[in-house]
Amino acid sequence: MPALITLTLNPALDLATTTDRVAPTHKLRCSPAQRFAGGGGINVARVLHRLGADVQAWALAGGAAGTQMRQLLAEEGVATAIQPIAGDTRENFSVVETSTGQEFRFVLPGPTLQAAEWQACLDALAAPTNAPRWLIASGSLPPGVPPDFYARLAPLARARGTRLVVDSSGLPLAAALQAGVALVKPSLRELREVLQQPLASATDWCAAAQALVHAGQAEIVALSVGEQGAVLATREGVWQAPALDVPAATGTTGAGDCFLAALVWALDRGDAPAEALRWGVAAGAAALLAPGTALAQAADVHRLQPLVSVQA
């Protein structure tokens with residue numbers, strides 16, 4: 001069993017292209033499409049692999065897009081455990097408007113899963129084998145999967161001594177917090193939706209993140225606040241890091257997944273929270289240097305990490 005497992009119930013074949021200007025009605029002439037294996041946990045696994053972690057990507061996949069996703073992961077050398085499903089893996093599409101630098105992202109819901117398909121994931125994770133140190137459940141849940149799926153993982157992980165990480169939104173995130181997890185990584189928008197609070201200032205962000213920790217809903221809260229950086233809260237304290245000044249000329253897709261991958265990688269090797277936050281912010285910035293979901297490269301993460309400042 002690898003040290004880290006990522007779980008992606010709704011992976012995707014991500015297509016990325018550019019066009020001069022996005023406008024209705026007209027045919028938009030685009031650059032050649034780039035294709036990437038995508039979806040939250042898949043992206044996290046790709047970056048963890050680049051950082052040298054012992055990681056395996058678990059996912060559900062079907063159809064031609066699922067086959068191509070498998071091939072792309074194999075080409076990168078990412079270890080996988082792919083469970084076949086009857087439905088077709090979704091395809092997502094992103095377009096960068098070169099005249100403005102704006103990114104337009106079109107995200108499909110994914111195939112409807114049968115109960116036996118998503119239940120097989122729970123059964124596999126509960127099987128009496130060596131447990132991973134971390135289980136990173138990331139991304140949206142496809143149709144047919146109950147919104148408390150991530151919450152159902154919590155007792156399974158806890159019983160095996162595995163630290164469960166959840167990166168999702170809406171009801172799946174709320175349910176996971178109620179069940180209690182090792183780490184959550186919401187965006188500011190996602191945390192506002194779950195807590196039903198405006199969280200208008202940095203003081204509010206930090207207080208909300210630490211309140212989740214003190215309530216026992218998460219041991220660690222990693223809150224991404226976009227251009228304003230990130231916040232990390234544990235029982236020991238709260239740290240804030242401003243974002244690096246890296247132009248997002250090729251879009252921001254996958255930056256949050258890169259942030260999470262580097263954060264968990266650093267925590268797993270024993271780095272202090274402030275240092276782990278520094279690695280996470282560096283990886284999120286490195287993602288902006290690559291098109292589509294090409295994601296952060298290890299060399300860029302290591303180069304940018306010393307430039308990140310962290311304040312308690």
Side-chain angles (χ1 to χ4, degrees), residues 16 40 43-44 46-48 50-51 94 96-97 100-105 136 138 165 167-169 173 183-193 197-210 212 218 220-234 237-267 271-312:
N43 290 341
V44 171
R46 290 169 59 201
V47 176
L48 282 168
R50 293 173 189 178
L51 291 172
S94 67
V96 172
E97 187 180 59
T100 64
Q102 293 186 96
E103 183 183 29
F104 298 84
R105 299 167 64 182
I136 305 164
S138 178
V165 179
D167 183 6
S168 193
S169 60
L173 173 60
L183 191 156
V184 289
K185 190 214 72 65
S187 67
L188 183 57
R189 175 185 57 80
E190 291 163 349
L191 189 61
R192 283 169 171 161
E193 290 177 353
Q197 298 176 17
L199 304 180
S201 68
T203 301
D204 295 338
W205 312 337
C206 294
Q210 196 164 43
L212 292 176
I220 302 171
V221 175
L223 176 62
S224 58
V225 286
E227 295 178 354
Q228 299 179 78
V231 169
L232 191 72
T234 72
V238 181
W239 296 266
Q240 187 173 1
L244 293 177
D245 185 16
V246 176
T250 57
T252 62
T253 304
D257 298 326
C258 295
F259 168 84
L260 179 59
L263 177 74
V264 172
W265 170 76
L267 290 171
D271 284 4
E275 187 68 7
L277 178 59
R278 185 174 284 111
W279 282 107
V281 171
L288 306 183
L289 302 175
T293 44
L295 305 178
Q297 296 295 331
D300 290 325
V301 177
H302 284 274
R303 176 174 58 84
L304 293 173
Q305 190 266 355
L307 305 180
V308 180
S309 62
V310 176
Q311 296 179 347

How many angstroms lie between [atom1] in [X] and [atom2] in [Y], if you round to the nearest 0.5 Å?
X	Y	atom1	atom2	result
L267	L232	CG	CG	7.0 Å
L263	K185	CG	NZ	9.5 Å
S309	L244	OG	CG	8.0 Å
Q197	W205	CD	CH2	14.5 Å
Q240	T203	CD	OG1	8.5 Å
N43	I136	CG	CD1	12.0 Å

Heavy-atom closest contact ([X] atom, [Y] atom, distance):
X	Y	answer
A230	V281	CB-CG2, 4.1 Å
T234	W239	OG1-CZ3, 3.6 Å
A294	R46	O-NH2, 3.5 Å
A282	L304	O-CD1, 3.8 Å
V225	L188	CG1-CB, 3.9 Å
A287	A255	CB-CA, 3.7 Å

Any L277 side-chain heavy atom under 4.5 Å of F259 side chain
yes

I want to check something: taking the side chain as every heavy atom from C-beta on, are L191 and V184 in contact at a cut-off of under 4.5 Å?
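Sidechains of V184 and L191: no contact.
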
Does any N or O in the side chain of [X] come within less than 3.5 Å of the main-chain N or O of [Y], such that one atom is a donor and the other an acceptor?
X	Y	answer
R105	S94	no
D300	A296	no
E275	A272	no

Verify side chain to side chain contact (heavy atoms under 4.5 Å, CB included) between R50 and L295, making sure each step is shown before the conclusion.
CA-CA 10 Å; R50 293 173 189 178; L295 305 178; 3.6 Å; yes

Can you name the salt bridge (Lys or Arg N to Asp or Glu O under 4.0 Å) partners of D271, sequence neighbours left out?
R269

What verdict does the side chain to side chain contact (heavy atoms under 4.5 Å, CB included) test give for L183 and L260, after you've listed the backbone C-alpha separation in whole Å, the side-chain angles of each residue and the deciding distance to 0.1 Å?
CA-CA 10 Å; L183 191 156; L260 179 59; 4.0 Å; yes

